[in-house]
Amino acid sequence: MSVATHWGSFVAVVDSGRLVRIEPRGDDPAPSPIGPGMVTAADDNARVLRPAVRKGWLNGLPRADDAARGVDAFVEVSWDEAITLVSDELRRVRSQHGDSAVFGGSYGWASAGAFHNAQGQLHRFLALGGGYTDSRNTYSTAALEVILPHVIGGAPWSYQSRMPMWDEIAEKCELVVAFGGLALKNSQINPGGLARHQTQDLQRKCRAAGVRFVNVSPIRSDTAGFLDAEWLPVIPNTDTAAMLGIAHTMLVNGWHDEDFLRRCCVGFDRFASYLVGDLDGVPKDADWAARITGISRDTITDLARRLSTQRSLIMVNYAIQRADHGEQPIWMSVVLAAMAGSMGRPGCGWGAGYATMDATGVAPGRPSVASLPRIPNRVPDFIPVARIADTLLHPGKTIDYDGRRLTLPELRLIYWCGGNPFHHHQDLHRLSRAWQTPDTVVVHEAWWNTTAKFADIVLPVATSLERDDFAAGFCDPHLVAMPKVREPAGESRTDHHIFTALASRLGYEREFTQSRSETQWVRHLYEQTKADLGDDATLPGFDDFWRESTAELPALSGSFPGSFEALRSDPQRFPLTTPSGRIEIFSEEIDSFGYDDCAGHPAWFEPVEWLRAELSHRFPLHLISNQPASRLHSQYDNGGHSLKSKIRGREPVTINPLDAASRGIESGTIVRVFNDRGSCLAGAVLSDDVMSGVVQLSTGAWWDPVQPGLSGTLDRHGNPNALTGDRGCSRLSQGPSAHSALVDVEPYDGPLPDVLAFAPPHLEH
């Protein structure tokens with residue numbers, strides 16, 4: 001049977017209703033090993049099998065006397081009682097505190113599927129009930145999403161269709177400089193699903209065509225070995241300084257593209273004054289950049305020459321903008337590409353996020369696929385996605401965001417469906433304190449992860465293996481059938497089933513379901529997609545699609561809005577949607593905001609935490625909390641592939657041998673990674689792929705605090721967000737700054753605590 005996930009398409013082998021194994025499809029050239037590992041998690045001890053309510057909440061204890069969320073036992077209840085409790089609480093909160101007191105931001109990947117999209121189901125349900133406070137942007141790319149519309153125009157994600165595809169790069173480009181690298185492990189995934197992984201083969205095609213790669217990253221393995229990339233180890237959070245040094249070298253040598261800068265950009269003169277030091281007395285030359293970045297003056301000068309004289313492409317990875325002042329390397333990378341002379345030329349110029357998702361650089365887009373219809377949200381309030389703890393701790397506080405002043409609402413009920421805030425948010429100790437403040441937390445979950453353990457009402461949901469749907473991946477030109485492989489575990493129900501029951505109690509079941517069953521919805525969305533594509537569509541009928549498992553969407557044709565190639569050819573006929581119609585090297589709009597941490601042009605701002613900071617005397621290692629190779633974020637951390645990657649049950653942390661030797665750490669040693677915010681245990685892996693002064697601990701290990709109610713308590717399992725700081729990149733985006741964190745590491749010599757991340761809480765019946 002066909003299985004579609006964010007990490008690819010597979011075939012499930014089932015015997016008498018029992019899931020035996022999951023195999024890669026035969027036509028996938030680089031299948032992800034995450035898929036086969038799903039089997040071990042399907043019926044593991046962590047499955048939520050029945051509705052459960054936190055004991056203190058169920059007993060109605062006053063909040064002052066209530067046991068802390070994350071510590072309390074749970075009482076299993078019937079579905080009828082659970083639906084009554086949730087519907088009654090929604091009515092109470094809305095009537096006493098207003099619709100904005102209900103938070104439905106519920107951010108996260110959830111699981112693949114056009115119909116069973118967790119956030120789509122939740123938002124439809126809450127909007128029909130009166131509305132909810134929402135969140136804006138993503139933890140992955142918040143700074144990028146806010147800055148790029150100011151600089152190049154278009155919607156936040158429109159750049160994906162405007163940058164060169166891998167085929168063009170292989171044919172037309174000579175030099176790729178990748179800030180943050182091109183880690184193939186990230187290309188395992190694609191939002192919404194994918195039929196076949198293509199990034200690895202396309203990268204090989206580029207290398208075979210003679211394209212040279214430069215990896216500007218603290219981690220050598222951020223590019224595949226077959227690319228033979230030149231590695232420039234850079235001090236974390238200094239990419240902007242490196243780019244400024246390259247730009248200064250281009251400017252003073254006359255290597256910059258004056259014609260493109262004059263015709264297609266605005267504000268270069270004001271930026272140039274900053275570059276040469278007219279504004280602050282500090283020329284941003286190669287010597288200056290070398291002192292900050294650790295990359296030599298000669299290397300910076302040579303890179304400036306190569307970028308200017310070869311057909312070049314500047315890439316930026318998402319990781320570099322999840323840091324203090326994360327908007328700056330994104331903005332500066334566009335400016336550097338504009339200066340280098342290749343912007344708007346086929347296969348060259350600028351791009352972001354290559355290899356972070358398989359479809360990025362593979363296809364510029366796909367036709368629209370029908371999804372569950374959205375209901376307008378009557379509540380205008382929203383919060384930047386990474387400011388949830390601030391909102392809970394400081395309701396009524398005003399913050400800056402992209403030229404606006406936002407008042408943080410008072411949230412009394414959190415409804416979370418899909419995603420795992422106790423994985424992706426920074427400073428989990430601060431989040432756990434904030435999480436105690438609302439009256440009620442309702443969570444839909446398939447497993448007893450940390451978010452479920454910190455809830456008041458936990459409703460067990462079916463996994464993607466336990467329901468019918470079809471997948472439509474981001475930019476992927478295929479639809480993949482997702483027939484139910486097995487029956488839901490225990491008393492699990494689909495999100496849609498749960499919301500239908502709640503909508504019935506609240507009086508709007510018909511509006512929510514439109515009188516369709518789940519099976520009818522899946523068929524309807526497929527047939528609506530086919531109808532919307534018109535006469536040229538080659539999609540088969542639904543029954544044929546369901547039998548054949550896949551269908552191919554028609555290719556998109558024509559140019560995409562905001563093309564840099566069109567801009568270069570004629571900026572008057574093909575303007576961008578920026579205020580000037582051109583690339584904004586200087587933004588009058590951003591300058592008017594008056595932010596002290598984001599000027600009107602890209603600039604170097606010293607990070608709060610980095611290896612040149614005073615704090616580095618106490619915590620001399622920079623923590624890189626990048627994406628894992630063994631799972632998608634925290635999804636299937638309890639799956640077989642992720643479990644195999646653990647060291648004595650802990651997440652692996654990679655340490656340079658020089659740093660390890662000075663601390664008495666050997667490969668396989670269980671170490672304590674710590675700073676003033678917290679500490680966690682991890683298993684040491686020694687490798688010179690990580691530059692000295694840096695440690696790498698991937699995100700996604702389920703947070704496993706020894707004392708959940710105690711701030712700063714030891715995490716047994718290795719979640720880096722026990723260590724990261726919860727502060728916005730800047731007043732412009734308020735994005736997360738996870739990659740600006742200093743730590744130290746030492747051997748752990750105490751009694752080794754058991755990992756309880758995958759154990760359910762105490763359950764009473």
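Quantities reported herein were computed from a predicted structural model and do not represent experimental measurements.
- A parallel orientation is assigned to the rings of Trp521 and Phe115, their planes being inclined by less than 30° (bins at 30° and 60°).
- Between Arg387 and Asp726, at least one side-chain N (NZ, or NE/NH1/NH2) sits under 4.0 Å from a carboxylate O, which counts as a salt bridge.
- Legend: salt bridge (Lys or Arg N to Asp or Glu O under 4.0 Å) pairs involving residues 493-515, not counting sequence neighbours, sorted by first then second residue: Asp80-Arg505.
- In this structure, Lys55 places its NZ atom where only 12 or fewer heavy-atom neighbours from other residues, nucleotides or ligands lie under 6.0 Å away.
- Side-chain atoms of Thr356 and Asn186 form no donor-acceptor pair, as typed in the model, at a separation below 3.5 Å.
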Open item on the list: Checking Trp416 against Phe454 for the ring-ring contact (aromatic ring centres under 6.0 Å, His included) test, could you report, in this order, the C-alpha distance in whole Å, the side-chain angles of both residues, the deciding distance, and whether it holds?
Closed with: CA-CA 11 Å; Trp416 209 278; Phe454 272 79; over 10 Å; no

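- Of the listed residues (Asp390, Val146, Ile399), just one forms a side chain to side chain contact (heavy atoms under 4.5 Å, CB included) with Pro384, and that residue is Ile399.
- Under the ring pair (Phe, Tyr, Trp, His ring centres under 6.0 Å) test applied with Phe512, the options His123, His496, His497 reduce to a single match, His496.
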Worked check of side-chain hydrogen bond (donor to acceptor under 3.5 Å, both in side chains) between Thr133 and Asp381: CA-CA 5 Å; Thr133 293; Asp381 295 335; 4.6 Å; no

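- Aromatic ring pairs are classed by plane angle as parallel below 30°, tilted from 30° to 60° and perpendicular above 60°; the pair Phe422 and Trp703 is parallel.
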Decide ring-ring contact (aromatic ring centres under 6.0 Å, His included) for Trp546 and Tyr526; before the verdict, give the C-alpha distance in whole Å, the side-chain angles of both, and the deciding distance to 0.1 Å. CA-CA 10 Å; Trp546 205 248; Tyr526 179 87; 8.8 Å; no

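- Sequence neighbours left out, the pairs with a member in residues 31-43 that pass salt bridge (Lys or Arg N to Asp or Glu O under 4.0 Å) are Asp43-Arg486.
- Scanning all heavy atoms of the two residues, the minimum distance from Leu126 to Gly104 falls at CD1-CA, 3.7 Å.
- The side chain to side chain donor-acceptor pair (under 3.5 Å) with Trp109 is formed by just one residue from the set His633, His6, Gln635; it is His633.
- Side-chain contact between Arg366 and Phe474: absent, with no pair of heavy atoms (C-beta onward) separated by less than 4.5 Å.
- Side-chain atoms of Asn638 and Trp702, non-hydrogen and from C-beta on, do get closer than 4.5 Å to each other.
- Side-chain contact between Trp447 and Phe758 is absent, with no heavy atoms from C-beta onward closer than 4.5 Å.
- Salt-bridge check for Glu466 with Arg47: passed, with a basic side-chain N closer than 4.0 Å to an acidic carboxylate O.
- The only member of Phe103, Phe499, Tyr132 that meets ring pair (Phe, Tyr, Trp, His ring centres under 6.0 Å) when paired with Tyr415 is Phe499.
- Side-chain contact check for His524 versus Gln520: every heavy-atom pair is 4.5 Å or farther apart.
- Every residue was checked against the salt bridge (charged side-chain N to carboxylate O under 4.0 Å, His left out) condition with Arg433, not counting sequence neighbours, and none meets it.
- With 3.5 Å as the limit, one finds no donor-acceptor pair spanning the side chains of Thr529 and Asp532.
- For the side chain to side chain donor-acceptor pair (under 3.5 Å) with Ser634, the lone residue among Asn420, Asn719, Thr699, Thr450 that qualifies is Asn420.
- Judged by distance alone, the side chains of Thr538 and Glu552 never bring a donor and an acceptor atom under 3.5 Å apart.
- To the nearest 0.5 Å, the span separating OG1 on Thr451 from CG on Leu431 amounts to 8.0 Å.
- From Met482, atom CE reaches atom OG of Ser549 across 12.0 Å, with rounding to the nearest 0.5 Å.
- When all heavy atoms are compared, the tightest approach of Tyr318 to Met357 is OH-CE, 3.9 Å.
- Between Leu393 atom CG and Trp435 atom CH2 the span is 11.5 Å, to the nearest 0.5 Å.
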**Request:** Let me see the working for Asp358 and Arg196 under salt bridge (charged side-chain N to carboxylate O under 4.0 Å, His left out), right down to the final yes or no.
**Result:** CA-CA 9 Å; Asp358 185 78; Arg196 291 184 294 275; over 6 Å; no

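- The closest side-chain heavy-atom distance from Tyr139 to His425 is below 4.5 Å.
- Residues Ile383 and Leu408 are in side-chain contact: their nearest non-hydrogen atoms beyond the backbone lie under 4.5 Å apart.
- Here the closest heavy-atom approach between residue Ala195 and residue Ser9 is recorded as CA-OG, 3.6 Å.
- Note: Thr360 OG1 to Asn190 CG = 7.0 Å, rounded to the nearest 0.5 Å.
- One finds a salt bridge joining Arg92 and Glu89 here, because a Lys/Arg side-chain nitrogen approaches an Asp/Glu carboxylate oxygen to under 4.0 Å.
- Scanning all heavy atoms of the two residues, the minimum distance from Ala143 to Gln321 falls at N-OE1, 3.1 Å.
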Any chance you could lay out the side-chain hydrogen bond (donor to acceptor under 3.5 Å, both in side chains) test for Thr724 and Gln426, step after step, and finish with the verdict? CA-CA 5 Å; Thr724 53; Gln426 283 65 62; 4.6 Å; no

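- Between the side chains of Arg25 and Thr550, not a single donor N or O lies within less than 3.5 Å of an accepting N or O.
- To the nearest 0.5 Å, atoms OG (Ser111) and OH (Tyr636) are separated by 8.0 Å.
- Taking the charged nitrogens against the carboxylate oxygens, Arg69 and Asp456 do have a contact shorter than 4.0 Å, which makes a salt bridge.
- Annotation: the span from Leu49 atom CG to Glu491 atom CD amounts to 8.5 Å, rounded to 0.5 Å.
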